[in-house]
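Only one structure is covered here, and it is reproduced in the block below.
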Amino acid sequence: GNSVTQMEGPVTLSEEAFLTINCTYTATGYPSLFWYVQYPGEGLQLLLKATKADDKGSNKGFEATYRKETTSFHLEKGSVQVSDSAVYFCALSALYSSASKIIFGSGTRLSIRP
Amino acid sequence: GAGVSQSPRYKVAKRGQDVALRCDPISGHVSLFWYQQALGQGPEFLTYFQNEAQLDKSGLPSDRFFAERPEGSVSTLKIQRTQQEDSAVYLCASSLTRRYEVRETQYFGPGTRLLVL
C-alpha cells in the first residue's frame with residue numbers, strides 16, 4: 001500500500017542554519033507529493049507540492065525535488081528563521097488510485113533558536 | 001476569503017457521551033474530507049464527500065462514527081458512545097473539485113481537539 005516515512009523529530013537548529021528533513025515514500029501508480037506545515041495553534045497549510053518526477057516544489061525559501069529513482073521528497077531550506085518553527089508533514093496523493101485521499105507521514109517538529 | 005472553519009475548537013466529553021463536530025468548508029468547494037490526528041502522528045483519512053454524497057468511508061474506525069453533509073456544504077462528524085481512544089484532533093479539509101483531481105489542493109481547518117475522559 002501507499003505510505004510515507006519521514007525523519008523523526010524534534011529537530012532543533014540555530015537561526016540561519018541549513019535545514020534538511022528527509023522523506024521517502026512507497027506508492028503504487030504515480031503519486032503527487034506534498035509538504036504541509038502546521039504552525040502552533042493553526043491548521044495544516046500546504047507548503048509546496050510536486051506532481052511528477054523531477055519536479056521541484058518551492059515556497060517561502062523551502063524546496064523539495066520529486067526523486068522517483070530514490071522515492072524521496074526531501075525538504076530543504078538554506079537559512080532558517082525563528083518563524084519557521086512548526087511541525088512539517090510529508091504527504092502523498094496517488095494518481096489514478098481509487099482512494100486519492102492524502103497519506104501523511106508522522107510529522108517532524110522543527111524548533112529554531114534565535 | 002474565509003477558509004475552512006470548524007467548531008467547537010475544543011471538546012471534553014465523558015466516556016459514553018455522544019459528540020458532534022462541525023465543519024464549514026470554503027464556499028463552493030465540492031470535495032470535503034475528514035481526518036483524525038492522534039497525538040504526535042500525522043492525520044489519517046476518515047471519510048470523503050463529493051457534494052452531499054459520501055463516496056468513501058473506509059477510514060471510519062467503527063460504526064460509532066457517522067458523518068453527513070446533507071446539503072453539500074456544512075458537514076457534521078458524529079461520534080456515539082465516545083471512548084478514550086477517540087481522543088484526537090479531528091481535521092476537516094475541502095477542495096474545489098472532484099476527488100480524482102489529485103493535484104487539487106486540500107485546504108484544512110484548524111481542527112477540533114476532542115478529549116474523552
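Reminder, nothing fancy here: chain letters follow the sequence lines and each chain counts from 1.
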Please classify the contact between A/Gln6 and chain B as side chain, backbone, both or neither, with a heavy-atom cut-off of under 4.5 Å. neither
Using heavy-atom distances under 4.5 Å, tell me whether A/Leu44 contacts chain B through its side chain, its backbone, both, or neither. both
Can you tell me if A/Glu8 has over 12 outside heavy atoms packed within less than 6.0 Å of its CD? no
Neighbour count above 12 (heavy atom, 6.0 Å) for A/Glu69 CD: yes
Residue B/Gln37 versus chain A: region with a heavy atom under 4.5 Å: side chain
So which part of B/Tyr35 gets closer than 4.5 Å to some heavy atom of chain A, the side chain, the backbone, both or neither? side chain
Ordered numerically, the heavy-atom neighbours of chain A under 4.5 Å found in residues 109-117 of chain B are B/Gly109, B/Pro110
Applying salt bridge (Lys or Arg N to Asp or Glu O under 4.0 Å), name anything that partners B/Arg15, two or more places apart in sequence or on another chain. none
Can B/Tyr48 be reached from B/Val4 by stepping across I, L, V, M, F, W or Y side chains whose heavy atoms are under 4.5 Å apart? no
Are B/Trp34 and B/Phe66 in one and the same hydrophobic cluster, where Ile, Leu, Val, Met, Phe, Trp and Tyr link if side-chain heavy atoms are under 4.5 Å apart? no
When rounded to the nearest 0.5 angstrom, what is the spacing between CG in B/Leu91 and CD in A/Gln38? 6.5 Å
Gap between atom CD1 of A/Ile103 and atom CZ of B/Phe45 - 0.5 Å precision: 9.0 Å
Indicate yes or no: at least one non-hydrogen side-chain atom of A/Tyr36 is less than 4.5 angstrom from one of B/Gln106. yes
May I ask you to test the A/Phe89-B/Pro43 pair for a side-chain heavy-atom distance under 4.5 Å? yes
